[in-house]
Structure formats: C-alpha cells, structure tokens
Amino acid sequence: MNEYLVKLITTRLDQLGWPAERLQLSRPKSTENGDWSTNIAMVLARDLKRAPNQIAQEMMDGMELDTDIVEKFEIVNPGFINFFQSTNYLKSQLKLILDTGDTFGQNDTGKGLTAQVEFVSANPTGPLTVGHGRQTVLGDTIANILSWSGYAVTREYYFNNAGRQMRLLGESLKARYMELKGQSIALPDGGYEGEYLIDIAQDLLDKSPDLDNDTDINVYKEYAEKSIFAIIKTSLERIGVIHDVFYNERSLYDDGKIDEVLSLLRDKGLLYEKDGATWFKTSELGIEQDRVLVKSSGEPTYRLPDIAYHREKIARGFDLVVDIFGADHIDAYPDVLSALKVMGLKYEHINVVIHQFVTLLRSGEVVKMSTRKANFVTLDELIDEVGADVVRYFYIMRSASSHLNFDLDLAKRQTEENPVFYLQYAHARISSIFRRAKERGLEKDLSHADLSLLDEEYTVALINKALEFPEVVDHCRRSLEVHHLPGYLSELATALHKFYTEYKVIDLEQPALSQARLALLEAIQITLRNGLRILGISAPVQM
RNA sequence: GCUCCGGUAGCUCAGCUGGAUAGAGCAACGGAUUUCUAAUCCGUAGGUCACAGGUUCGAGCCCUGUCCGGAGUACCA
C-alpha cells in the first residue's frame, strides 16, 4: 500500500508540475487518521503559496484510487491527506505473510550488494567483558538485518597479536607460570592481573612443565593468545555469533600495506618527523591536533594499521561497510576517515556505529568494573547468570547512543516483568493454541481459510501490526539502529495478547471462523519467529 | 578548554528524515479467570520534553547560547 500510494501520488504530482522529492507517507498514531497519511500538501504550501487544503483537494481531484486497495481518503485540517485501506487489501496482505512464511520481512534493497560488519575486534588479551558484549550483539544483529535486506554479509573480527600489549600479555603469563613453579616473579608494569591467566598458566604447566625464565617470551605469548582466543570464540558461540573472517593486523605489515599508506601520505606532504616519531598532519584536515603514526620506538600506533585496514576494506570492494566501536574509540575514526579522504578513496559507504557504555546493576547498585584489573565481569559470567536469550535482548533493547543499564535482577527474573519472556510467551501461546486445536480435531487448513471473516477491531489491529514488520526491518537497515525491532515485537506481542483475551480461536460451533483465526495466528507466529530470529533469540513452542 | 553521546512520567527508556491529543515497560492504585497457558488483558494516576532565545503554518526533533551527567582529548588499543 505504501509503494502503491507513493507511485500514485508521485505520478499525480508530476502531472501538476509539483515537486515530489519531499513526499513521505507515514502510519498515523491513531487509526482515526487512516492507515496511511501524507503531509505533502503542507510541505508544498510554502513554495506554491497556496493553502494546504486547497493543494490537497486539487491533488486528490485528479487521482483515481484502486478501491481494492484504498477504500477511501479524506483531507483533514491543516492539510493532511489520510488513506484508509480496504478489507480486501488487508486480506491479501495476510495471505502474503502466510505465503512468504520464513522469508516474510525480507526485502531486496541490498540484492547483489555486499556488506561487511566489523565488530568485537577485541585483542586476545583477555576474555570478552560485559562491555564487549554490547558490541557483539549489536554487530551481529545489524548483520542479520542487512542479510534480511538482501546483502551478502561478511562478519569480520579484526585483531592484533603483535605489539606492546601482547608482549605484556606474554610476560604476564610467564610470571604466572613461574609463580606456579614456586618462583615468584612480579607481574610486569601494566601487566594483566586477571585470574584467567593463572588458569592458562596451569594448562601450560601441565602440557609443558619444562619452560623457565630463559624460555623465549614468544612461547608464552603465543600460548596465551591461543588460549584466550579459544575462550573468546566459545563466548561468541554461546550467544550465537559466528564471524566469517578473523583479520589479523599482522598481514597488513607482511603485505606491505602499512608502508604503502605511509608513502601515500608522505607523497601528499602530510607526514613529518619530530622527536624521532612520524607524525600525521591531521591538523590540516580539520582535526584539532596532529597524530603520531609511528612511535620513536619504530612501532606504529594503532591509527596506522587502522588506516591501512580500512584502505583494504575499500579495496575489497564492499558496497557497505559498518564499523562498530565503543565510545572509548570515538577519537580514532575521524583520523581514519580523513586519511582515506586525502588518499583519494571513496569512503562514503563506511558507516560507524558508536555505542555508549554498559552499566551493570545488581540490587540497584552499580557493579564496578575495570579491565586489566582483576575485577571485571565477563560476558561468559553474564550468560551463565541470565542466559543467552536474555543477554541478547537486553543488549539491543536500547539505542546504541544511550548508556545501557543492564539490570541483572530484572534480567534474571523468569516472570512477567522480563520483556524477553513476554515476547517468547506470545510465540509459545500460539503454539499452545495450535496443539489444543489439533486435540479438538480442528486441523489447520490455511489454504482454505476464509480470511474475510477477520474483521473485528482487535483482529484488524493485530494484522496491521504484523504488516509493519517489513517496514521496521527497513527502518533498522536505513538507520543502522536495531533497537526498533525489540520495541516493535513487544507491540506485536501486546496486540496478540489483546486479541487472545477478546476472541476465542477454537470454537467448534464456528469452524469457518476458527479456521480463519488459526490462519491469522499462523501469520502472527511467523512474524514473531522471524523477528526473534533476527534478534538471535529462541522462539519456544512451550513455556 | 575542545570534541562526541545523553538530559522526555517516581525508575528504565521509545519517539522513524519537524506533523495531528508526547508514548511504552516497571513501580503505585483499581478491575478481569466455570473459557484455547493469568508468564495475560483492561482501567486510573503520573509531563514546564534540562533552561533561555531563534527558525515556521507547525519544534521533544532543526539553529544559537547556558546548565547537568557520561566518554574522549596518548609516542595505550
């Protein structure tokens, strides 16, 4: 109906010689104002220097509406044009849900296009924390949305297993290892104090008891990396996240990509040496101060490989690139983008989603955390405590730009207050009705159901709510804001529960109506299930 | 100081590129079950959309300034 009206109105506007670029249709909050509405007459009023009502009238006078789709329209002060859909249309859309089934909600916006979503990208220095968790679920859900929009999506994890931090990690493991052997060595300055390194040291000791102080530090480093990556991958798996590519920063050095960036920037006259370091004249690119790309020690800062990595992303030809960063990395990306820009690369298809921090609440108190120190809560512990479904839901129920309060008490509650169970219950409730219908000898017969019997108020409201699903998916895709989906699914669940309380589905006295309602519930369950699948949350048939 | 994010009901937050009477959940209070799962539904109450200006037919949304909270402002990542 949306597309139908857009096309129709655009044609009419062309006819009148009025601009159509600013045409938009929306679903009014109240059904009194129709199923779809446009404000185009008010938008045009200024340019045309005429009253909106008049414009609307002239527009509509010359328009022929297909009554099979639009039952009627009205022009309302100050100039809204409201359209009311026909029951036939509603019926056909419901049928569409049943016919498309598992693919209902998908669209082909990204058909034939590729997208890359880079997320998590935590270096293998420790288990994923609660903070990484938000990014993990956010990135995976965005990737799911893009898949549903037709993109061929690559989920990518970028990591660095070289450099100072990893050296510290190796040294920290060595200290733990020697400690277990009874030789106390102090942890290095700024080293990793987490207990997980003690466990890893124990493993290493079991496997290779003969290492000592003189053993090459790389042995410790590599063992730590391998072990920690195993832990990280297990955590990711537990919440259903699978990356397609683990991109090692190292390869950028091996393939000469780092040097290429340096020489490209040097050619542009944007590099200079000072105090033994190589500086990038970002101040000439609208950034407050210059940045160091190569330290006086000869090691690059993280910015240099980041630039090279993004140059590779562009070279790899993705049509859409999404980077997920925590708010603590907010300073990095303007440098990267401006470097890409001066190198003459197209970077407009690179999108950066920055999410704010996560605060864990227990009994109303903030749980204090700090990485590198021993006292952080890991993603694994969180999953242990509340389960993967709840973790996924809670992480994306708020917009990424808001701080997230993760209320552990609420998350743990297996009751009505928990929004995850509310959704899942709606799905299970439908399954339950199906089971009951079968017991009563009422076999679902979707192809013969007479959908025109579905005309009561809350039934129509429920169908309309389900029909919004593809629009919500598209909204999430356009904005890269996925929190709209859980919000929408809650509304859909509410509409379902409301329908349930108002009408009886299984009524042996009225088999035709029962069949129609079973078909309706089938469509609603499809919608709920598809939505939950995008969120990566299970859709139970019984609770 | 500068940059970024936020400030909307008691609490946690929605509010899609400015649109119709600002919404939801939780908490509070009151109701609904001989009935397909009450893990549900309905109702009541709750608002100076931080503040002050501006833009216009119309501003929670855009612009300017101020205040408050968070993050960043490294030759850490």
Side-chain angles (χ1 to χ4, degrees), chain A residues 22 24 26-30 32-33 37-39 42-43 45-46 51-52 76-80 82 121-123 125 160 163-165 168 190 274-279 287-289 291-303 306 326-332 334 354-357 359 361 364 397-405 407 410 413-419 421-422 424-426 428-437 439-440 442 471-472 474-476 478-479 481 483-484 487 490-491 493-494 496-507 514 517 521 542-543:
Chain A
R22 297 181 64 196
Q24 47 176 307
S26 59
R27 287 183 181 271
K29 282 173 207 153
S30 159
E32 283 171 41
N33 293 322
S37 175
T38 181
N39 61 351
M42 287 175 288
V43 172
R46 194 171 324 159
V76 173
N77 279 327
F80 290 103
N82 299 333
S121 295
N123 287 338
T125 56
N160 169 16
R164 183 172 153 261
Q165 292 304 325
L168 273 172
K274 192 178 92 182
D275 305 330
T278 304
W279 292 72
I287 288 168
E288 207 179 338
Q289 49 191 285
R291 304 291 193 185
V292 170
L293 290 186
V294 184
K295 301 183 233 175
S296 52
S297 66
E299 284 181 321
T301 63
Y302 67 94
R303 289 171 208 274
D306 266 9
D328 53 337
H329 285 235
I330 198 154
D331 247 31
I354 290 172
H355 66 87
Q356 299 297 313
F357 280 7
T359 307
L361 298 173
M397 69 179 178
R398 303 300 181 211
S399 92
S401 58
S402 284
H403 286 253
L404 177 68
N405 285 309
D407 185 335
L410 175 61
R413 238 168 281 166
Q414 309 251 327
T415 67
E416 60 205 42
E417 296 156 57
N418 193 317
F421 294 115
Y422 181 81
Q424 293 183 319
Y425 178 58
R429 197 171 213 184
I430 293 174
S431 292
S432 167
I433 294 171
F434 289 162
R435 281 192 298 272
R436 193 94 178 107
E439 278 168 30
R440 299 269 200 95
L442 201 62
E471 297 156 26
V472 174
D474 194 53
H475 182 194
C476 291
R478 284 198 316 269
S479 60
E481 291 174 347
H483 67 279
H484 296 116
S490 292
E491 290 174 14
T494 301
L496 182 268
H497 291 311
K498 174 73 177 159
F499 166 86
Y500 177 91
T501 13
E502 291 294 328
Y503 314 111
K504 197 149 171 66
V505 177
I506 303 166
D507 184 351
S514 296
R517 285 179 174 164
L521 288 194
Q542 194 163 6
M543 287 176 76

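Bear in mind the structure is a predicted one, so any value in this text is a computation, not a measurement.
- Minimum atom distance to the side chain of A:Thr301 is reached by B:rC75, of the listed B:rG72, B:rC75, B:rU40.
- The CZ-P distance, from A:Arg478 to B:rU17, rounds to 8 Å in whole Å.
- Regarding contacts with the backbone of B:rA24, every side-chain N or O of A:Ser490 stays at 4.0 angstrom or more from both OP1 and OP2.
- In this structure, the CD atom of A:Glu299 is 12 Å from the C1' atom of B:rA77, given to the nearest Å.
- Between A:Lys29 and B:rA20, a side-chain N or O to OP1/OP2 separation shorter than 4.0 Å is present.
- Side-chain atoms of A:Ser297 and base atoms of B:rC75 include no donor and acceptor less than 3.5 Å apart.
- Looking at A:Ser37, its side chain comes within 3.5 Å of the base of B:rA20 through a donor and an acceptor atom.
- Closest contact between the side chain of A:Tyr422 and the listed nucleotides B:rC16, B:rU40, B:rG58 involves B:rU40.
- For B:rA14, the base has no donor-acceptor partner in the side chain of A:His483 [N/O atoms by modelled type, under 3.5 angstrom].
- Residue A:Leu496 contributes atom CG, which lies 10 Å from atom P of B:rC41 at whole-angstrom precision.
- For A:Asp331 against B:rG72, a side-chain-to-base donor-acceptor contact under 3.5 Å is absent.
- A:Arg398 and A:His403 share no donor-acceptor pair across their side chains, judged by distance under 3.5 Å alone.
- Between A:Ile506 and A:Ile433 there is a side-chain heavy-atom pair separated by less than 4.5 Å.
- Between the side-chain ring of A:Phe80 and the base of B:rA20, a stacking contact exists by the 5.5 Å and 30° definition.
- For the pair A:Lys295 and B:rC76, the criterion of a side-chain N or O lying under 4.0 Å from OP1 or OP2 is met.
- The side chain of A:His484 contributes an N or O atom lying less than 4.0 Å from OP1 or OP2 of B:rG15.
- Separating the CD1 atom of A:Ile330 from the P atom of B:rC2 is a distance of 17 Å, rounded to the nearest angstrom.
- Mapping A:Tyr500 and A:Met543 onto RNA chain B by nearest heavy atom places A:Tyr500 closer to the 5' end of the strand.
- Distances were taken from every side-chain heavy atom of A:Thr494 (C-beta onward) to each of B:rC2, B:rC41, B:rU56; the shortest belongs to B:rC41.
- Distances shorter than 4.0 Å separate some side-chain N or O of A:Asn405 from OP1 or OP2 on B:rC13.
- What separates CD of A:Glu481 from P of B:rC13 is a distance of 16 Å, to the nearest Å.
- Per the geometry, CG belonging to A:Asn39 stands 10 Å off P belonging to B:rA20, to the nearest Å.
- If you measure from atom CG of A:Leu293 to atom P of B:rC76, you get 12 Å, rounded to the nearest angstrom.
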Give RNA chain B the dot-bracket treatment, 5' to 3': Watson-Crick (N1-N3 with N6-O4 or O6-N4) or G-U (N1-O2, O6-N3) under 3.5 Å, [ ] crossing, | other strand. (((((((..((((.....[...)))).(((((.......))))).....(((((..]....))))))))))))....
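- Here B:rC75 is the nucleotide among B:rU35, B:rA14, B:rC75 with the atom lying nearest to any side-chain atom of A:Ser296.
- Looking at A:Asp331 and A:Arg291, a side-chain N of the basic residue comes within less than 4.0 Å of a carboxylate O on the acidic one, giving a salt bridge.
- Taking side-chain N and O atoms only, A:Ser402 has no distance below 4.0 Å to OP1 or OP2 of B:rG7.
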